[in-house]
2 protein chains.
Amino acid sequence: MILPLSPLNDFDVAKAKKVAAKDLSAEEKIKAAAKKIFTQKGFAATRTRDIAEEAGMNLALLNYYFRSKQKLFDIIMLENFKKLIHGIVIEVVDENASMEQKLEKVVEAYIDFLILNPDLPFFILNELRNNPAAIASTISDEINQVRNNFFKQLQKGDKKSKLPPMEPFHFLANMIGLTVFPFVGKPMLQRVTNVSDAKFNALMQERKKLIPVWMKAIMSMKGN
Amino acid sequence: MILPLSPLNDFDVAKAKKVAAKDLSAEEKIKAAAKKIFTQKGFAATRTRDIAEEAGMNLALLNYYFRSKQKLFDIIMLENFKKLIHGIVIEVVDENASMEQKLEKVVEAYIDFLILNPDLPFFILNELRNNPAAIASTISDEINQVRNNFFKQLQKGDKKSKLPPMEPFHFLANMIGLTVFPFVGKPMLQRVTNVSDAKFNALMQERKKLIPVWMKAIMSMKGN
DNA sequence: TTTATTTTTAATCAAATGATTAAATAATTT
DNA sequence: AAATTATTTAATCATTTGATTAAAAATAAA
């Protein structure tokens, strides 16, 4: 295999072949380790040696399989991002569901997901700051869907749930703020309120029921 | 001055003397540049050369005045942190103010502050992740004050405002989520909702009035 | 003005870090 | 089994980056 010597050749030829052998392929081990460390520490604070060590692999394998730290990061980034928005768009765009139904479904699915991936939102928010354009372009389709469907529903109000129209920005900020912020600010909140990890998760379970109720209360206020 | 040659000598002797000369001292220029870049990009992603360039100063001056990147960062970090919690604790701990009054005061003061320092909360959240213990110890006094005063008021309910008791964690998560999250998630929210910087600030002005109303609506719901 | 002190600069160092290479090993194909 | 191809390793490179140094310039003290 001459790939490392010819940087411009395509790279996936080698991959497909040996995958699915043994327990977990070297490539998969590296990817898993990279996901863990990149997600925890972000791009800049992650060293390729840390990834190799976490994967129990030789450092050179990282470049053998992924060419560069940046390329590896891009792959992780994209997968993380898709994982995070997967499901939510489909739920939210559904024409037949009422606002109330959407609220309940999305919040529950999201909190379940975040309990399993507590570092993901901070990671996304961080990298979105460093690279707004590149990432946004990969998901512009989903954004447009949300704009064309859900935002319209929001702005004309929801008859079934008796919820008046609401400015989409405020709705999103509230919804994500209430749902995602506890995970983004977890270290701070835990420190101030003196809450253990177990208690934190229990509180998040509570919020699955509470947030939809709160959101409806917010939307029912006059002046929105 | 022999400081650069004797690393263990005290460092502040030199400082005090020439400060307040010219327009802005070299030390102040570096500090301002460091604050800007550290706050924007975090510790790991910031290069000392970037700071020197931003300040228009020679790279060696950074070490001359501050000894190391880490020491400079610690100073910025502490100032940022104090700036962020300044005021809020005094407001919130005041025994005589009702919950309602506190809500209105704190939200307004905070949003005004955040409009001027939009990158600060993300910076704090980020560094709090990397170094939970060190930072927390510098503000444990303030945290205890909040616990002993405000959380008690929360948990016994507020008669004047007719607000029933609420779990402190949920209250904090909601309050900070609604107030601070828009700034933390600014790039994401702006992208999805297609909102300009000017519009964003206008929406934040709106939220100064809305969030207290929303918070009262949330707290008035049964089941908290 | 002369001397001492402080500040600034340019050059350089040492360590960390992303990446590469050539050789060794393992697996696959013929 | 022999030949080919793919994977893995240890050693090394080149660059970046935080830090230092010695000398020059600016300022203050005598």
Side-chain angles (χ1 to χ4, degrees), chain A residues 1-31 33-34 37-38 41-74 76, chain B residues 1-31 33-34 37-38 41-74 76:
Chain A
M1 148 105 161
I2 31 80
L3 233 201
L5 301 172
S6 57
L8 291 175
N9 279 342
D10 75 314
F11 208 72
D12 299 316
V13 194
K15 288 191 201 175
K17 300 197 173 173
K18 197 63 209 327
V19 170
K22 303 185 207 175
D23 39 344
L24 203 65
S25 72
E27 186 178 357
E28 289 302 321
K29 277 186 203 159
I30 292 170
K31 225 168 108 176
I37 300 188
F38 275 139
K41 318 216 284 179
F43 180 80
T46 296
R47 270 152 280 286
T48 53
R49 279 164 175 81
D50 298 341
I51 296 174
E53 190 187 6
E54 170 79 27
M57 298 278 116
N58 187 292
L59 171 61
L61 288 179
L62 194 151
N63 294 293
Y64 176 73
Y65 283 112
F66 300 97
R67 306 283 295 161
S68 72
K69 179 189 180 188
Q70 184 65 53
K71 288 240 169 59
L72 175 55
F73 178 80
D74 290 345
I76 303 301
Chain B
M1 147 103 162
I2 31 79
L3 234 201
L5 301 172
S6 57
L8 290 175
N9 279 343
D10 76 314
F11 208 71
D12 298 316
V13 194
K15 288 191 199 174
K17 302 200 172 172
K18 198 63 209 328
V19 170
K22 303 187 207 174
D23 38 344
L24 203 63
S25 73
E27 187 178 357
E28 288 303 318
K29 277 187 204 161
I30 291 170
K31 225 167 109 174
I37 299 189
F38 275 140
K41 319 215 283 178
F43 181 79
T46 296
R47 272 154 282 282
T48 52
R49 280 164 175 80
D50 298 340
I51 296 175
E53 191 187 6
E54 170 78 27
M57 299 277 114
N58 187 292
L59 170 60
L61 287 179
L62 195 151
N63 294 293
Y64 177 73
Y65 283 111
F66 299 97
R67 307 281 295 161
S68 73
K69 179 190 180 187
Q70 184 65 54
K71 288 239 169 58
L72 175 54
F73 178 80
D74 291 345
I76 304 301

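Hydrogens, waters and symmetry mates are skipped; everything else that's a heavy atom, side chains included, is used. Since the model is a prediction, treat every value here as computed from it, not as a measurement. Chain letters run A, B, ... following the sequence lines, proteins first, then strands; residues in each count from 1.
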Student: Could you state the atom-to-atom distance from OH of Y65(A) to P of dT20(C) in whole Å?
Tutor: 17 Å
Student: What's the CG-C1' distance between L72(A) and dA19(C), to the nearest Å?
Tutor: 14 Å
Student: Among residues at least two apart in sequence or on other chains, which ones pass side chain to side chain donor-acceptor pair (under 3.5 Å) with E54(B)?
Tutor: K36(B)
Student: Who are the salt bridge (charged side-chain N to carboxylate O under 4.0 Å, His left out) partners of K69(A), not counting sequence neighbours?
Tutor: none
Student: Which whole-number value in Å describes the distance from Q70(B) CD to dT17(D) C1'?
Tutor: 15 Å
Student: I need the residues from residues 47-60 of chain A with at least one non-hydrogen atom less than 4.0 Å from DNA chain D; give them sorted by number, or say none.
Tutor: N58(A), A60(A)
Student: Rounding to a whole Å, what distance do you find between Y64(A):OH and dA24(C):C1'?
Tutor: 14 Å
Student: Would one find more than 12 heavy atoms of other residues, nucleotides or ligands at under 6.0 Å from atom CD of Q70(A)?
Tutor: yes
Student: Determine whether a donor-acceptor pair (N or O, by modelled atom type, separation under 3.5 Å) exists between the side chain of R67(B) and the backbone of Y65(B).
Tutor: no
Student: Can you tell me the distance, in whole Å, between the CZ atom of F43(B) and the P atom of dT17(D)?
Tutor: 13 Å
Student: What is the separation between atom CG on L61(B) and atom C1' on dA19(D), rounded to the nearest whole Å?
Tutor: 13 Å
Student: Can you find a pair of side-chain heavy atoms, one from L72(A) and one from F38(A), that are under 4.5 Å apart?
Tutor: yes
Student: Whole angstrom is fine here: how far is it from CD1 in I30(A) over to C1' in dT7(D)?
Tutor: 11 Å
Student: For the side chain of K69(B), counting heavy atoms from C-beta on, which of dT9(C), dG18(D), dA19(C) is nearest?
Tutor: dG18(D)
Student: Is any side-chain N of the basic residue among K71(B) and D74(B) closer than 4.0 Å to the acidic one's carboxylate O?
Tutor: no
Student: Take atom CG of N63(B) and atom P of dT7(C), then tell me their distance rounded to the nearest Å.
Tutor: 16 Å
